[in-house]
Amino acid sequence: MSGIVEAAKAHPAPEGLVYTYGTAGFRTKAEVLDSVLTRVGLVAALRSRSLKGKWIGVMITASHNPPEDNGVKLVEPLGNMLQEEWEVISTKMSNKATPEDVHEYYKEIVAQFKIDLESPARVVVARDTRASGAHLLGCVQDGLKAAGAEVKDFGYFTTPQLHYVVRCLNTQGTKDAYGEPTEKGYYEKFGAAFKTALKGKKPSGSLTVDCANGVGGPKLTELIKHLPPKEEALEIHVINDNVVKPEALNVDCGADFVKTNQRAPPSSKAGPGDRCCSLDGDADRIVYYFKDSSNVFRLLDGDRIATLVASFLGDQVRLAGLADSLKIGVVQTAYANGAATQYVIEHLKLKVDCTPTGVKHLHHAAEKLDVGVYFEANGHGTVIFSPDTLDTIAKHEPKNTGQAEALDILRACINLINQSVGDALSDMLLVEVVLAHKNWGPQEWLSTYTDLPNRLLKVIVNDRKIFETTDAERKLVKPEGVQTAIDKEVQKVRQGRSFARASGTEDAVRVYAEAATKAEAEDLARKVAEIVKAAGSA
Ligand code: 16G
Ligand code: MG
C-alpha cells in the first residue's frame, strides 16, 4: 500500500483549494486537477472492490465548459451516476492535505466497507477531446496502478459511450446483457435499432448536427457508417466537428450556446425549415432548433423532446394493446416551461413528476415508473423502462397486425434508447424516428403548444449556500422571508411562476421566471433577482 503514498506524492494537492464532487463530478480549471484525478483513481478502485470487482467507469470531461476546464466523474456498474455516499467519499479524498492523509483515508474506507483488498478492482477509463485529457488520464492511471486495479482504456469516448460500455461489461452473459462492450458494439446496436424503428419510413429533409467541436463529432461520423444509407433513411450534415483545434471546443457552438443565447451557432448555414440540432462537448445533451418561415429562430429543447417522445411512446403502447398494463410518466425539473407541463397533463394525459436539477435526480424518479421519460429543459435526458415493463413488452402476444407493428416499433425503441444515461446521439435518432412516423417537420413539432415567455438570470451573492430550497427547488425555505417576497411579485403578473436556487456548478444563484408575456416575464425575473441580491448581500 506504500504505492498509494507515492502516487499521492507524485500529484500533490495545491494549497488552499477545496474540491467538491458536484452535480456532474469534479469540474474546474484543468491545471488544478492532477491531485483530484489520482485520488479519483484510488476511489474508483475501492468502489469496484466494494462491489466485488464490478466494472466502474471514470470519465474525464468538463462537458460544455470552456476548453481550459476539465473534470471527472465516476460511473456505477449499470451505467448510473455515482451513489451519493461515494460522492461524499470522493470529495473527502480530494481534500486530504498530505499523501499520508490520503493513505490513512484509503485504509479508513477499506475498513468502513469491509473491503477485501485481494478481490479484483476493475475500472474503465475514457475522455473527451480536451487538450488536458491525456495528462489527466496519466494522473488517474497512477492512482489506479497504486491501488492495483485492472484498467481498460477506451481512449476518446462520449460520456454516454462510457456509460454504455460499463453497463455492457457488467451484464455480459446475463439475461440483462446490454450489448457488446466495444465502441463498434455501440454503433451496431443503435444503428440496427434505428433501422428497425423506422420501419421503412424516411424523415423528411436533412438534419444538420452541430457537434460543439467536441468528441461527438468524430463519434457521430462513425455512427453514420452504421446507419442505413441516406437515400433510404436520414441525411445528416455534420458541422463544428473540429477536434484538431481543442481551443474551439464549445466556442460559439454546441447545445449550451444555443440554449443560453437562444440562437443558432453563427457557423450554421441552415435555411428556413431546415432541422438542426446541437450536442454539447461530451454529447450527453441535445437541443433541436430551426428558422421558421419568417426567419425567426425557434428552439426545440429538452421539454419538447420529452413531450414528443412521451406522446409517441404513449401511442405505440396503446396501439400495441398495452395501455392497461403500462403507465408512462414524464419527469421534469422546475425549469420545464409551464406550457410543457400543462401539455403533458392535459393533452397527453400523463403523470408529471418534478425533481431537483441534475440528471441523477430525474433518473431516480424515472426508475420508479413503468416507462419514465425524463428530460431537463437544457437537453439532458432519456427514457427508462422498468424490468417488469421490459418483461411485459417482451412477452406480449399481438392480436392483429396493427398491434404487431406497434409492438415491433416499441421493441426497437427500447434498443434505440440508451437507458444507462441521456445520450445525445441516441436521443437524436429517437427524435428522427418519431418525426418520421408522425411525418412531421420542426414546425409541426413546435405547433403542439406555445411556450410561456421566460427569463433566466444569474445573481452573484456573498454565499450562495444560504439559499436553501424545498419542493424540488421550487420554494426557498432560507433565508427567511425571501419566498414570501417572491410570491408577492409572482401574484402581480399573469400566469406567473418564478423560483431561485443556488447553482450546483457555479458560484451563483439562478433565477427563473415565466409569465404570459415577454415583458411580464422579464420584469418578474428582474424583481426576483433584486430580492435575491438584497438577501444575499445582507
Ligand atoms: C450539471 C448537470 C445538469 C444540470 C446542470 C445544472 C449532470 C450530468 N449534469 O451540468 O443535469 O442541469 O448541472 O447546473 O447531472 P446549475 O446547478 O449550475 O444550474
Ligand atoms: Mg455534457
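Order of listing sets the numbers, starting from 1, for every ligand and every atom in it.
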Should Y288 and W445 be marked as a ring pair (Phe, Tyr, Trp, His ring centres under 6.0 Å) after you check the CA-CA gap, both sets of side-chain angles, and the distance that decides it? CA-CA 11 Å; Y288 267 72; W445 180 8; 5.3 Å; yes
Other residues, nucleotides, ligands: >12 heavy atoms within 6.0 Å of K29 NZ: yes
For the pair K360 and E87, find out whether any cationic side-chain nitrogen is under 4.0 Å from an anionic carboxylate oxygen. yes
Tell me whether K219 is salt-bridged to E183, with the criterion being a basic N under 4.0 Å from an acidic carboxylate O. yes
For a quick check under 3.5 Å, do S132 and N70 share a side-chain donor-acceptor pair by atom type? yes
Could E188 and K184 be called an ion pair, given the rule that one side-chain N must be under 4.0 Å from one carboxylate O? yes
Check each of E367, Q332, H364, H363 against Y374 using the side chain to side chain donor-acceptor pair (under 3.5 Å) test, and report the only one that passes. H363
Could you check whether R526 pairs with D523 (Lys NZ or Arg NE/NH1/NH2 to Asp/Glu carboxylate O, under 4.0 Å)? yes
The answer, listing residues by chain and number that come under 4.0 Å of ligand 1 through any heavy atom, is T23, A24, T357, G358, V359, E376, N378, H380, R501, S503, G504, T505, R510
Output, by chain and residue number, all protein N/O/S atoms separated from the Mg ion (ligand 2) by less than 2.8 Å. S63 OG, D280 OD2, D282 OD1, D284 OD1
NZ/NE/NH1/NH2 to OD/OE distance under 4.0 Å, K189 and E180: no
